[in-house]
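Inspection log for the structure reproduced underneath, given as structure tokens.
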Protein chains: 2
Amino acid sequence: MANSQAATLDRSFVAVAHPLRRTILERLAEGELTVGEATHDFPVSKPAISKHLRVLEEAGAIVRVIDGRTHRLRLNGASLEEAYAWLARQRALWERKLDVVEEFLKEQEDGA
Amino acid sequence: MANSQAATLDRSFVAVAHPLRRTILERLAEGELTVGEATHDFPVSKPAISKHLRVLEEAGAIVRVIDGRTHRLRLNGASLEEAYAWLARQRALWERKLDVVEEFLKEQEDGA
DNA sequence: TTGACTGTTAGCCATATGGTTAACAATACG
DNA sequence: CGTATTGTTAACCATATGGCTAACAGTCAA
């Protein structure tokens, strides 16, 4: 269970670790798009794009609806929630530590 | 320039895309640790750990201070800030369409 | 029906990733 | 000194990743 959760997180972070895949997600945040609309200006071949889409889909980051000969892509916001939560928690811990250090330094200044 | 920024983001996301590396970062959030302290219970060899540390270091996620024969590792909170910001922004955009996300959350609740 | 359009699969290639064992370097300690 | 401890590098292996071309599948439209 904890293992499969970790695997989900792995896939999510891998999904956003490539600039083209991030661009796709950014564009889908504006709304549903077809594959062509989302990637027409990408400097790679169609098969390469197809592979990136599969990575995003298997990470659960996007959902595909086949509509005639085009595939409409939709963002699945919930899927990246876990990844966001991990970074947010890590960030909170780090900031708390910074606050503690800051407080300590301030006390030193005031006291000494 | 925008390219190198993307490359930085790439490295950051790659850094947190492996469970052992995330565990290292989680433990370092509690404070500075030596390599052994941070990874003594990891089910992999020392060279494997060494490689993970290098990934984290090159992503700027950690800083290493060689102290005698041990290496003390420290979290570099700022380095993951960019990654956090990307996810946070993406999350803000999709939250704007919460009606769409709601469907998935309800599905998750019902399913689990 | 013929052809154009949208996108995927199959197969290939180069490089990256994640792991291993063996050997090494540097430090600490008896 | 000799030896244990901490961690790295070197060399190797299997698999994954990211790209390509060629070929295909399905849909739309003339």
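Reminder, nothing fancy here: chain letters follow the sequence lines and each chain counts from 1.
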Query - Phosphate contact (dT17(D) OP1 or OP2) by His52(A) side-chain N/O below 4.0 Å - result: no
Requested in this report: Check the distance between dT6(D)'s P and Glu37(B)'s CD and give it to me in whole angstrom.
Outcome: 10 Å
Requested in this report: Mark yes when over 12 heavy atoms from residues, nucleotides or ligands other than Arg54(B) sit less than 6.0 Å from its CZ; otherwise mark no.
Outcome: no
Query raised in the report: Between dT8(D), dG18(D), dC5(C), which nucleotide has the shortest distance from any of its atoms to the side chain of Lys51(A)?
Result: dG18(D)
Query - Side chain of Arg69(A) (C-beta onward), nearest among dC20(D), dT6(D), dC5(C) - result: dC5(C)
Query raised in the report: Under 3.5 Å, is there a donor-acceptor pair between the side chain of Arg27(B) and the main chain of Glu37(B)?
Result: no
Query raised in the report: Atom CZ of Arg72(A) to atom C1' of dG7(C): distance rounded to whole Å?
Result: 15 Å
**Report entry** Ala61(B): partners by side-chain contact (heavy atoms from CB on, under 4.5 Å), with sequence neighbours left out
**Finding:** Leu25(B), Leu56(B), Ser79(B)
Query - Phosphate-side-chain proximity, Ser45(B) and dT20(C), N/O vs OP1/OP2 below 4.0 Å - result: yes
Query raised in the report: Closer to the 5' end of DNA chain D via nearest nucleotide, is it Gly68(A) or Lys46(A)?
Result: Lys46(A)
Query raised in the report: For dT8(C), does either OP1 or OP2 sit under 4.0 Å from a side-chain N or O belonging to His71(A)?
Result: yes
Query raised in the report: Rounded to whole angstroms, how far apart are CD on Glu57(A) and C1' on dG7(C)?
Result: 12 Å
Query raised in the report: Could you state the CZ-P distance from Phe13(A) to dA16(D), rounded to the nearest angstrom?
Result: 22 Å
Report task. Check every strand shown and say whether Thr70(B) touches a base, only sugar-phosphate, or nothing at a heavy-atom separation below 4.0 Å. Result -> sugar-phosphate
Requested in this report: Could you check whether the rings of Trp86(B) and Phe13(B) sit parallel, tilted or perpendicular, using 30° and 60° as the cut-offs?
Outcome: perpendicular
Report task. Considering only NZ, NE, NH1 and NH2 on the basic side and carboxylate oxygens on the acidic side, decide whether Arg11(B) and Glu58(B) come within less than 4.0 Å. Result -> no
Query raised in the report: Can you tell me how far P of dT17(C) sits from CZ of Arg11(B), to the nearest Å?
Result: 11 Å
Query raised in the report: In whole angstrom, what separates Ile66(A)'s CD1 from dG7(C)'s P?
Result: 11 Å
Query raised in the report: Do Leu80(A) and Val16(B) sit in the same hydrophobic cluster, where Ile, Leu, Val, Met, Phe, Trp and Tyr count as joined when their side-chain heavy atoms come under 4.5 Å apart?
Result: yes
**Report entry** Protein-nucleotide distance (Asp10(A), atom CG; dT17(C), atom C1'), rounded to Å
**Finding:** 13 Å
**Report entry** Note: Arg22(B)-Glu26(B) ion pair, threshold 4.0 Å (strictly below)
**Finding:** no
Query raised in the report: To the nearest angstrom, how far is Leu73(B) atom CG from dG7(D) atom C1'?
Result: 11 Å
Report task. Answer with base, sugar-phosphate or nothing: what part of the nucleic acid does Ala48(B) contact at a heavy-atom distance below 4.0 Å? Result -> base
Requested in this report: Check DNA chain D against residues 17-25 of chain B and give the residues with a non-hydrogen atom under 4.0 Å, in numerical order.
Outcome: none
